[in-house]
Amino acid sequence: MSARDGVAGAGGSGPRRPAGGPGERPLLLRGGRLLDPSTGLDGTGDLLVSGGEIAAAGETIEAPETAEVVDVSGLVVAPGLIDLHVHFREPGGEHKETIRSGAAAAVAGGFTTVWTMPNTDPPIDDPAAVGFVRAEGERAEGARVMPIGAASVGRRGEQMTEVGELVLAGVVAVSDDGSPIWHAGLLRRLLEYTQTFGIPVLQHSEVRELAGSGVMNEGRVSTALGLRGQPNAAEAAMVARDIQLAALTGGHLHVCHVSTRETVEQLRMARRRGLPVTSEVTPHHLALTDAEVRGYRTEAKVNPPLRTEEDRQAVREALVDGVIDVIATDHAPHHYEEKEREFDDAPFGAVGLETALGVAITELVETGLMSLGAVVERMACAPARIMGLEGGTLEAGSPADVVVFDPEERWTVDPDTFLSRSRNTPFAGRELTGRVHRTLVGGRVRFAREA
Amino acid sequence: MTAGERPGAGLGKDLVGLEGLSGDQIVAILDTAEPFKEISERRIKKVPVLRGKTIVNLFFEPSTRTRISFEFAEKRLSADTVNISASGSSVQKGETLVDTARNLEAMRIDMVVMRHGSAGAARFLAERIPSNVINAGDGQHEHPTQALLDLLTLRDRFGRLEGLKVCIVGDIVHSRVARSNIWGLLAVGAEVAVCGPRTLIPLGIEELGVEVFGRVEEAIAWCDALYVLRLQLERMQAGFIPSLREYNRVFGVSSERLATADDDLVVLHPGPMNRGVEIDSDVADGPRSVILPQVTNGVAIRMAVLYLLAGGRPEMAEAAKQGEG
């Protein structure tokens, strides 16, 4: 049994079934390239959706009389993308993003499920707050919004939250993201305690004493710019520690936004030992380096910071060979005036939902590093598999969470067209390949690009 | 056409840093400063070069030497100047830099000289207003006029810059003076080294093209000029060094350490000095010191930069000074 199988099977209560109603009438997507690495499907065919589920996927499907038929020839039909790491800012930061605008941005980017981080104001650390996020998520009628609960009360890193209560209220994981769970004893207890409920602990890995007040990667570029840096070791040292705790406890550790080559080495070792450790990488760490910060571009101020070319190559290779399991956006919206500041004072973060697929295809498929199927695997199938979620597949009987995209369409990123409330992207003006045309959640068309 | 013949030496609208400037451009600025030196020696220290120009000296951090040096340079060139310091201004009331910039612009000023605590602030301002912006120090990034006056002082003393060996000693990590000097010295063909405790030497410094010495004795044996940086007292609290006493014992520039050095070796310091910490008084006040000539050259260099950014041609500076420009 591989580490990932072990993780998927760790859930005591079986797969978590996302909520989703049946569609009004059947829908037939005709003549697309059906691409589903979870079942090995890759070929031209039809997909029939009925009652909120995938009814059939195959070469030629007879449409029921009542069905709406949509011609998707020339487009790829794949399992809806799943993003395990987004910040929707509600409650407390509604000028940056709301759950509604975030869920809309998600389906515009082909995502049918998003996991929302709990570092809102107040943080999502009690059942009532979890209920609020879920209810807003339902009302948003965008992607499925699955809340992550805070790992510690008030995200202060001291006392464990009522993890059981949070799970009953609907959280899918716990995390103090934005801050590390710095106290090794607390993380140990969390990795033990969460096993009762079969949920992972998502860790923002950063040794604060090393990261200090660094605003970018520490190295040649920070030296030239006179900006305070965070060394690679600030991330890798905590990952090394946390892997030992996963080994000790058998709990599922998920390492957020991997950015350094040293972290990749640690993860490689964990995988070799079959430990219950999974990880993610963001599109911006796959695509960009700290050279992007030159000119004091605050759009390129993210945490963990953009690193060097060697690091970028290392995280790409790790994604290709599966040491890093998934791509997750770390979608972190900020209002424009918060970013139009001195570099030191601007907040960390970049939006990612509406550019992630295009960046992945441009950086990984066009360069020949990965097949299109492998990208779908890392953005849809693998997140479902490592987290024990339904979805991430076109298998009959699964929720009809589907993305339809043109893998060859070239387009230029124009933040003014984003459905997100925020515009803070380092990819503005970039030409990308691969664009989402239609997104179905539970059989309903939640996004359709105007022709 | 060389930099010395182009309007403004080809500097463009602003002087944000020395990174990216060519050796020709830097030499053109130094050459432009030469005729301006003499103005400060006159009985009536005023020429009409910048008459009618309005200049704002915008200082978000305390500064005595740099602010006064700029102000003398501006006044001696007949500009109208306004000084704004952070305390007691709208900045202290929470105004953002972008709003400050827009308001200054709305008053139709010609030039801004800015000192700010954040790296990149000068560039940020320069990209948002059409006025000329001169960086008087932005965080740990650059302090270009300081490095230019240092180069002028070295050239006065040695008659050349190319091939000169200069070692910067002290807190390189936090020093904008060090960064500007590194770029400037490398551009004009000098050899550059840095020396200090490893906690105060930034990662990747070698990749900029400088040598690193671990001991000040090695640096002294190697260099023609020793550039001693001010050690901020708060570095001890932040844990970069164990104590000022130990710093002085290991890295302090004393006459004993300089006893075996070449007779021509000179010592620079950007001021203000911590006597008895990074530099001993007998060195600061001794024959190797060019610390006061640095200050004198500061006014001439700032006149040259103001004149060039206002569109002056380097070779016309002599005539401009005589009131013919």
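Within every chain, numbering begins at 1; the chains are lettered A, B, ... in the order of the sequence lines, protein sequences first and strands thereafter. All values below come from the heavy atoms of this structure, side chains included, with hydrogens, waters and symmetry mates left out. Keep in mind that what you see is a predicted model, and the values were worked out from it rather than measured.
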For this session: Find the one option among B:His174, B:Glu142, B:Gln140 whose heavy-atom pairs under 4.5 Å with chain A are most numerous.
Result: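 When all of B:His174, B:Glu142, B:Gln140 are compared, B:Gln140 has the most.
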Nearest 0.5 Å, please: how far is [atom2] in [Y] from [atom1] in [X]?
X        : Y        : atom1 : atom2 : answer
A:Tyr296 : B:Glu127 : OH    : CD    : 11.0 Å
A:Arg294 : B:Glu19  : CZ    : CD    : 5.5 Å
B:Leu203 : A:Arg220 : CG    : CZ    : 13.0 Å
A:Glu340 : B:Asp99  : CD    : CG    : 9.0 Å
A:Glu337 : B:Thr96  : CD    : OG1   : 8.0 Å

For this session: With a 4.5 Å cut-off on heavy-atom pairs, point out which of A:Val215, A:Asp344, A:Thr223, A:Asp345 contacts chain B the most.
Result: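 The answer is A:Thr223.
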Exercise. Where on B:Arg179 is there a heavy atom nearer than 4.5 Å to chain A: the side chain, the backbone, both, or neither?
Worked result: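 B:Arg179 touches chain A through side-chain heavy atoms alone.
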For this session: Can you see which heavy atom on A:Gly226 is nearest to which on B:Ala119, and at what distance?
Result: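 Between these two residues, the closest heavy atoms are O-CB, 3.5 Å.
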For this session: Heavy-atom distances under 4.5 Å only: say whether A:Arg297 touches chain B with side chain, backbone, both or neither.
Result: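 Neither; nothing under 4.5 Å.
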